[in-house]
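Report on the structure given below.
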Amino acid sequence: MKIENENENDNICMNDIFNKSLMMVSLGCAKNLVDSENMCYIVQQNGIELVFSPEEANIIVINTCGFIESAKKEAIDKILEMVEYKNDNSKSKCEFVIVTGCLAQRYSKEIKEQIPEVDAILGTAAYGMILDAISELYNVKGEKKIVIHAEKAGSIDHLSANRRPTTRGYAYIKVAEGCSNRCSYCAIPGIRGDFHSRPMEDLVKEAANLAEMGYYEVVLIAQDTTRYGLDIYGRQALPELIRLISAIEKITFIRILYCYVDGITNELIQEIKENPKVVHYIEMPIQHANDSMLLRMNRRDTQARIKEVVKSLRKEIPDIIIRTTVMVGFPGETEEEFVDLLNFIKKTKFDLLGCFVFSPEEGTPAYIMRPKIPKRVAQKRYNDIMETQRDIVSRKNSKKINRKFQITIESATDDGVFYLGRTYQQAPEIDPMVLVVATKEPLEYGKQYWIKVIATSEYELTGVTI
């Protein structure tokens, strides 16, 4: 493969990276995964081989999450683990460790000072510089130098319509980068920059390329997917984008994640209802349901507005699956405010729900808010929410016995007894998988089959092929 260097005056020795191998470790959310896939595409196009074992890699890249405390700890632990491969030549042939992503953007100085074994630090605007960073490291020829590019936050320049996903049976399409909502607890705007939509023609081209590769289910994602288009078209253009993607013949399913309540317009609801390719599933994080709490969180919603949107979705699309996320333990959350949230969940009966305990993040308004909620109180509230939701899901699942669903097979259980798959009611990675028994021939990963549900548990469904 020919390696091209567009800048003839650049003294980086590109030949030094030819035939090197790279392992990508991608942490965090689906949006991070798309960034990782695009970095892999960039290096592959320039002669670097992708490997899946740290023992085989000359270069190890850790694309980190740094959104909440648990994610930061996971990222640091993974960096320290990968550094050991560089330190022990008998263990691997690793020459360089590179840290990218949210943690790199947020804590580049700390990483440089506290983990000096890291050779390069690339923030969220520097994914497209991965090849330059690798070349620069090889060009210093033995001199210790840490390459850092973390000045700016957020960019879409690295996103390519030609990337090859690492997922099976579905592929994410990142429609925008960054966030402009400024929720008081969230560090994302500082890490990822303001909301920046990708041009519609680029996204349609990407969807068409994915379809040609055999990815017939596309999942549209962004920090706030319903905001798509406002910055470059002056309007919420998600319904229009969906229509253009659905015109691609080989695309059979379009799924939408990360939808803010105030962006779920009547036009979007009608598009989901009337477009046969749009999956009747929507992820709609509400974070809370008490008006005072929503105001302190700097959310634009009210409980009445959330009720209105849920009612409209269920009226227009009776079989829609609504997934949400809530937060407990936010500074100042009273018992009455928490009970208001809990009662709202009991009445609304979301099909799927995730819950987080508030994580204080430096640089956000909530970081200095008081009074803090004791950890034991926050944990009890979390447990109460999850117990309530477990009962809701269990009752909903029991009504699915003997119902038939089309399912996409993705993998198998470790013991090989069951296949694992998703109906339209489960989104990739975030929802429980369906256990599937093949009644006749072996099933193929990525292919679709019809099943009948024969058993349910609190969260899981078990089905047999028909």
Side-chain angles (χ1 to χ4, degrees), residues 67-73 179 181-189 223-224 258-262 264 282-314 321-397 430-432 458-459:
F67 178 41
I68 56 177
E69 193 61 36
S70 59
K72 287 185 279 188
K73 183 180 184 305
C179 188
N181 289 320
R182 300 298 191 273
C183 299
S184 62
Y185 52 82
C186 184
I188 291 297
Q223 201 62 40
D224 177 0
Y258 308 112
C259 299
Y260 275 53
V261 172
D262 65 341
I264 301 177
I282 194 164
E283 185 192 25
M284 185 182 73
I286 62 170
Q287 305 309 345
H288 217 281
N290 176 270
D291 286 353
S292 295
M293 285 298 302
L294 289 167
L295 187 63
R296 292 204 295 277
M297 290 178 169
N298 201 32
R299 303 282 293 187
R300 296 187 295 269
D301 306 321
T302 62
Q303 185 176 123
R305 173 59 181 159
I306 297 169
K307 283 181 180 178
E308 179 186 345
V309 170
V310 170
K311 181 180 179 181
S312 182
L313 283 165
R314 287 176 168 165
I321 298 297
I322 303 177
R323 187 185 201 280
T324 195
T325 306
V326 298
M327 179 188 298
V328 295
F330 189 84
E333 182 187 45
T334 65
E335 187 64 22
E336 291 75 18
E337 290 166 339
F338 166 71
V339 169
D340 195 16
L341 168 63
L342 187 63
N343 287 336
F344 182 77
I345 291 171
K346 289 177 179 178
K347 292 176 184 177
T348 307
K349 295 180 173 60
F350 291 101
D351 299 281
L352 297 159
L353 179 144
C355 183
F356 294 92
V357 174
F358 168 74
S359 173
E361 298 301 318
E362 305 97 323
T364 66
Y367 187 71
I368 58 173
M369 286 184 180
R370 299 293 185 272
K372 291 184 176 180
I373 305 302
K375 288 184 178 180
R376 59 176 179 78
V377 173
Q379 186 61 47
K380 183 182 183 304
R381 291 175 180 176
Y382 170 88
N383 293 341
D384 289 346
I385 292 283
M386 296 312 297
E387 183 178 347
T388 296
Q389 183 62 21
R390 189 162 51 245
D391 291 341
I392 292 169
V393 173
S394 180
R395 288 194 295 271
K396 285 177 177 282
N397 278 350
I430 57 176
D431 295 330
E458 290 177 339
Y459 284 112

Check whether more than 12 heavy atoms from other residues, nucleotides or ligands sit under 6.0 Å from atom OH of Tyr459, and answer yes or no. yes
Check each of Glu283, Lys349, Met284 against Ile322 using the side-chain contact (heavy atoms from CB on, under 4.5 Å) test, and report the only one that passes. Met284
Heavy-atom closest pair, residues [X] and [Y]:
{"X": "Leu352", "Y": "Pro432", "value": "CD2-CD, 4.4 Å"}
{"X": "Ala289", "Y": "Leu341", "value": "N-CD1, 3.7 Å"}
{"X": "Met369", "Y": "Pro365", "value": "CG-O, 3.5 Å"}
{"X": "Val357", "Y": "Ala378", "value": "CG1-CB, 3.8 Å"}
{"X": "Gly332", "Y": "Ile373", "value": "N-CD1, 3.9 Å"}
{"X": "Ala366", "Y": "Pro331", "value": "O-CG, 3.8 Å"}

Is the backbone of Ala304 close enough, under 3.5 Å, to the side chain of Glu308 for a donor and an acceptor to pair up by distance? no
Using the salt bridge (Lys or Arg N to Asp or Glu O under 4.0 Å) criterion, which residues pair with [X]? Sequence neighbours excluded.
{"X": "Lys73", "answer": "Asp77"}
{"X": "Asp340", "answer": "none"}
{"X": "Arg395", "answer": "none"}

Report the distance from atom CD1 of Ile321 to atom CG of Leu313, rounding to the nearest 0.5 Å. 11.5 Å
Separation of Met293 CE from Leu295 CG (nearest 0.5 Å): 10.5 Å
Quick one: list whatever passes side-chain contact (heavy atoms from CB on, under 4.5 Å) with [X], sequence neighbours left out.
{"X": "Ser292", "answer": "Asn290, Arg296, Glu337"}
{"X": "Asp291", "answer": "Leu294, Thr302, Gln303"}
{"X": "Gln287", "answer": "Tyr185, Pro285, Met297, Arg299, Thr325, Met327"}

Could you check if a side-chain atom of [X] sits within less than 4.5 angstrom of a side-chain atom of [Y], using non-hydrogen atoms only?
{"X": "Ile385", "Y": "Ile345", "result": "yes"}
{"X": "Ile188", "Y": "Asn181", "result": "no"}
{"X": "Arg314", "Y": "Thr348", "result": "yes"}
{"X": "Phe344", "Y": "Lys307", "result": "yes"}

Can you list the residues that meet the side-chain hydrogen bond (donor to acceptor under 3.5 Å, both in side chains) rule with [X], with sequence neighbours excluded?
{"X": "Asn298", "answer": "none"}
{"X": "Asp351", "answer": "Lys396"}
{"X": "Glu361", "answer": "Lys72, Arg106, Ser359"}
{"X": "Tyr258", "answer": "none"}

For residues 386-393, dump all side-chain donor-acceptor pairs below 3.5 Å to protein atoms at least two apart in sequence or in another chain.
residue, atom, partner, partner atom, Å
Thr388, OG1, Asp384, O, 2.9
Gln389, NE2, Phe350, O, 3.0

With sequence neighbours left out, write down each residue that passes ring pair (Phe, Tyr, Trp, His ring centres under 6.0 Å) with Phe330, or none if nothing qualifies. Phe358
Start with the C-alpha gap between Asp301 and Ile286, add the side-chain angles, then the distance that decides, and say whether side chain to side chain contact (heavy atoms under 4.5 Å, CB included) holds. CA-CA 8 Å; Asp301 306 321; Ile286 62 170; 5.6 Å; no
Stepwise side chain to side chain contact (heavy atoms under 4.5 Å, CB included) test for Val339 and Glu336: CA-CA 5 Å; Val339 169; Glu336 291 75 18; 5.7 Å; no
